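Below you'll find the structure, written out as structure tokens, and then a few comments.
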There are 2 protein chains.
Amino acid sequence: MNPLAIPEIVIRRLPLYLRVLNRLADDGRTLTSSQELGDTLGISSTQIRKDLSYFGEFGKQGTGYGVRYLRDQLRQILQVDRRWNLVLIGAGDLGRAILRYNGFQEGGFSIVAVLDNDQEKIGRQIGKLKVQDVAKLPEVIAEHGVQIAVIAVPASEAQEVAEALVNAGVNAILTYAPITLSLPDHIRVEYIDPLIGLQTMAYYLSPGHL
Amino acid sequence: MNPLAIPEIVIRRLPLYLRVLNRLADDGRTLTSSQELGDTLGISSTQIRKDLSYFGEFGKQGTGYGVRYLRDQLRQILQVDRRWNLVLIGAGDLGRAILRYNGFQEGGFSIVAVLDNDQEKIGRQIGKLKVQDVAKLPEVIAEHGVQIAVIAVPASEAQEVAEALVNAGVNAILTYAPITLSLPDHIRVEYIDPLIGLQTMAYYLSPGHL
DNA sequence: TAGATTGTTAATCGATTAACAATC
DNA sequence: TAGATTGTTAATCGATTAACAATC
């Protein structure tokens with residue numbers, strides 16, 4: 001293995017740090033510390049300093065971190081100091097909610113197209129986008145240089161959609177369908193599944209755990 | 001610490017196992033193995049057997065696991081062999097998407113009320129539920145014996161809503177707002193934040209990582 | 001019986017944290 | 001200077017996995 005490889009669990013915490021830094025910057029704060037970041041997130045300050053140390057030295061002893069500076073550095077590290085074009089598959093309620101959520105935009109991602117296979121939905125306007133036929137997938141992907149797709153279709157269709165996306169050249173997928181996708185190893189997949197959290201909480205809410 | 005305490009990371013995998021078992025049962029399968037479950041989820045078979053061993057012995061050597069039996073056992077362990085009543089705060093696009101998603105229902109959770117603070121939305125019908133004034137929170141929680149709430153309001157309102165929920169007696173929260181909630185330690189909180197996954201993937205999509 | 005698969009132990013691997021020198 | 005906080009090392013802690021006896 002690459003001796004410089006950074007643990008994925010570290011990479012996964014960087015967006016959390018970035019989220020807090022964005023918030024601090026919005027609040028007009030100029031300085032922060034690993035202590036403050038950790039308290040906000042429920043993480044130890046040591047862990048935050050250790051995580052950051054994989055990438056460089058961003059703070060000043062006795063002073064802490066410049067909020068904007070650290071934010072910009074994290075954006076660079078995560079490659080969200082530029083814009084990623086996304087396609088969204090599925091124009092149902094969930095798809096619409098995703099389209100109206102500003103967070104993607106603010107986080108560095110632009111949804112440039114929404115596609116569906118339902119003739120009823122194709123052609124409808126949602127915000128600034130018109131729902132396109134999923135058959136147009138290859139053209140849309142090529143046209144916008146899309147590398148990341150978002151799946152918001154029923155579980156029963158997700159695998160098929162995912163394969164079409166991969167065939168069209170996408171190499172990362174964020175899926176809301178509660179099903180494990182079976183795809184080539186080099187395709188990155190992230191799952192959003194609210195049931196995991198709910199069922200985990202249910203376990204801890206049972207009498208023996210409270 | 002309790003020497004019998006089971007690592008949370010183990011608890012968090014059980015819903016994944018349950019999801020696959022539900023699927024296998026729907027497909028009419030009667031037997032499975034740790035190998036098959038692991039292959040489906042991208043987890044080692046050893047880890048699955050080890051995880052299950054915290055709770056008992058559910059399989060037969062040489063044969064594997066009965067799909068329905070293991071599914072029922074996991075439901076019992078996770079306490080989703082019964083129904084949990086949820087309240088949903090926020091009747092925007094996301095709230096509506098959550099209400100129409102069957103997965104909660106199938107996973108053991110029933111959304112029994114939806115509340116909002118927007119006079120425009122209060123009184124509207126969404127599916128079987130009428131949007132109620134968030135001021136009614138305490139009564140609604142008491143009436144339905146709600147222990148778990150789902151937050152689908154903008155980030156700027158999430159902390160306030162969370163505090164109201166805790167005051168009304170809720171002790172677990174699933175939140176879609178991209179903000180870390182500051183709440184008493186005994187309150188369980190689960191976060192759904194699509195940006196974490198997207199930004200993690202962006203990191204790995206950069207030229208040096210592909 | 002032979003083959004398959006579980007449940008479990010012990011070893012390995014990897015992540016977190018305590019401690020502290022450096023230094024602003 | 002005194003106080004605060006970083007960056008880093010080494011120790012600790014915890015999770016994963018390899019190996020295998022048990023047994024269906």
Side-chain angles (χ1 to χ4, degrees), chain A residues 1-17 20-21 24 29-74 77 196 200 203, chain B residues 1-17 20-21 24 29-74 77 196 200 203:
Chain A
M1 291 296 154
N2 180 354
L4 295 174
I6 292 154
E8 178 163 338
I9 198 165
V10 171
I11 303 299
R12 198 169 283 278
R13 278 191 293 261
L14 301 185
L16 296 173
Y17 304 161
V20 177
L21 289 162
L24 289 170
R29 294 281 307 282
T30 57
L31 279 176
T32 187
S33 65
S34 58
Q35 185 72 53
E36 181 179 44
L37 294 173
D39 287 350
T40 305
L41 290 165
I43 287 177
S44 77
S45 63
T46 306
Q47 183 159 79
I48 290 175
R49 296 199 302 280
K50 171 84 170 162
D51 285 354
L52 296 177
S53 76
Y54 282 102
F55 304 96
E57 307 190 357
F58 306 111
K60 274 203 180 67
Q61 283 102 325
T63 310
Y65 301 93
V67 168
R68 283 161 172 278
Y69 177 70
L70 185 55
R71 179 198 61 184
D72 292 344
Q73 292 295 311
L74 287 178
I77 292 165
I196 309 294
T200 300
Y203 173 84
Chain B
M1 292 295 153
N2 180 354
L4 295 174
I6 292 155
E8 178 163 338
I9 198 165
V10 171
I11 303 299
R12 197 168 284 277
R13 279 192 293 262
L14 302 184
L16 296 173
Y17 304 161
V20 177
L21 289 162
L24 289 170
R29 293 282 306 281
T30 57
L31 278 176
T32 186
S33 65
S34 58
Q35 183 73 52
E36 180 178 45
L37 293 173
D39 288 349
T40 304
L41 290 165
I43 288 176
S44 77
S45 63
T46 306
Q47 183 160 77
I48 291 175
R49 294 199 303 279
K50 171 85 167 158
D51 285 353
L52 296 177
S53 76
Y54 282 101
F55 304 95
E57 307 189 356
F58 305 110
K60 276 202 178 70
Q61 283 102 325
T63 309
Y65 301 93
V67 169
R68 282 162 171 278
Y69 178 70
L70 184 55
R71 178 197 63 184
D72 292 344
Q73 291 295 310
L74 287 178
I77 292 165
I196 309 293
T200 301
Y203 174 84

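Protein chains get the first letters and strands the later ones, always in sequence-line order, with residue 1 at the start of each. What you are looking at is a predicted structure, and each value in this text was computed from that prediction instead of being measured.
Spacing between atom CD of A:Gln73 and atom P of D:dT6 amounts to 16 Å, rounded to whole angstrom units. When the C1' atom of D:dT6 is taken as reference, atom CG of A:Leu31 falls 13 Å away, rounded to whole Å. To the nearest angstrom, P of C:dT17 lies 11 Å from CD1 of A:Ile48. Rounded to an integer number of Å, the gap from CD1 of B:Ile43 to P of D:dA18 is 15 Å. Taking atom CG of residue B:Leu52 and atom C1' of nucleotide C:dG7, one finds them 10 Å apart after rounding to whole Å.
Annotation: salt bridge (charged side-chain N to carboxylate O under 4.0 Å, His left out) contacts of B:Glu8 (sequence neighbours excluded): B:Arg12, B:Arg188. Evaluation of the salt bridge (charged side-chain N to carboxylate O under 4.0 Å, His left out) rule for B:Arg13 yields B:Asp51 as partners, not counting sequence neighbours. Partners of A:Phe58 according to the ring pair (Phe, Tyr, Trp, His ring centres under 6.0 Å) rule, which considers only residues two or more places apart in sequence or in another chain, do not exist here.
Residues A:Val10 and A:Phe55 are in side-chain contact: their nearest non-hydrogen atoms beyond the backbone lie under 4.5 Å apart.
Here B:Ser45 lies out of heavy-atom contact (under 4.0 Å) with every strand.
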Taking only nitrogen or oxygen atoms into account, show me every contact under 3.5 Å that the protein makes with nucleotides 14-16 of chain C, one pair per line with its distance.
residue : atom : partner : partner atom : Å
C:dT16  : OP1  : A:Arg13 : NH1          : 3.1
C:dT16  : OP1  : A:Gln47 : NE2          : 3.4
C:dT16  : OP2  : A:Arg13 : NH2          : 3.0
C:dT16  : OP2  : A:Gln47 : NE2          : 3.2
C:dT16  : O5'  : A:Gln47 : NE2          : 2.9

Quick one: side chains of residues 33-41 of chain A, donor-acceptor pairs under 3.5 Å with protein atoms, not counting sequence neighbours, listed by atom name and distance.
residue : atom : partner : partner atom : Å
A:Ser33 : OG   : A:Gln35 : N            : 3.4
A:Ser33 : OG   : A:Glu36 : N            : 3.1
A:Ser34 : OG   : A:Arg49 : NH1          : 3.1
A:Gln35 : NE2  : A:Asp39 : OD1          : 3.3
A:Glu36 : OE1  : A:Arg29 : NH2          : 2.9
A:Glu36 : OE1  : A:Thr32 : OG1          : 2.4
A:Glu36 : OE2  : A:Arg29 : NH1          : 2.9
A:Glu36 : OE2  : A:Arg29 : NH2          : 3.3
A:Thr40 : OG1  : A:Glu36 : O            : 2.9

Distance-only donor-acceptor pairs under 3.5 Å for side chains of residues 65-72 of chain A, two or more places apart:
none

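Distances shorter than 4.0 Å separate some side-chain N or O of B:Arg49 from OP1 or OP2 on C:dT6.
In DNA chain D, the stems built from three or more successive Watson-Crick or G-U pairs (distances below 3.5 Å) are C:3-24 with D:3-24.
Of the residues in residues 58-66 of chain A, those lying under 4.0 Å from DNA chain D by heavy-atom distance are A:Phe58, A:Gly59, A:Lys60, A:Gln61, A:Gly62, A:Thr63, A:Gly64, A:Tyr65.
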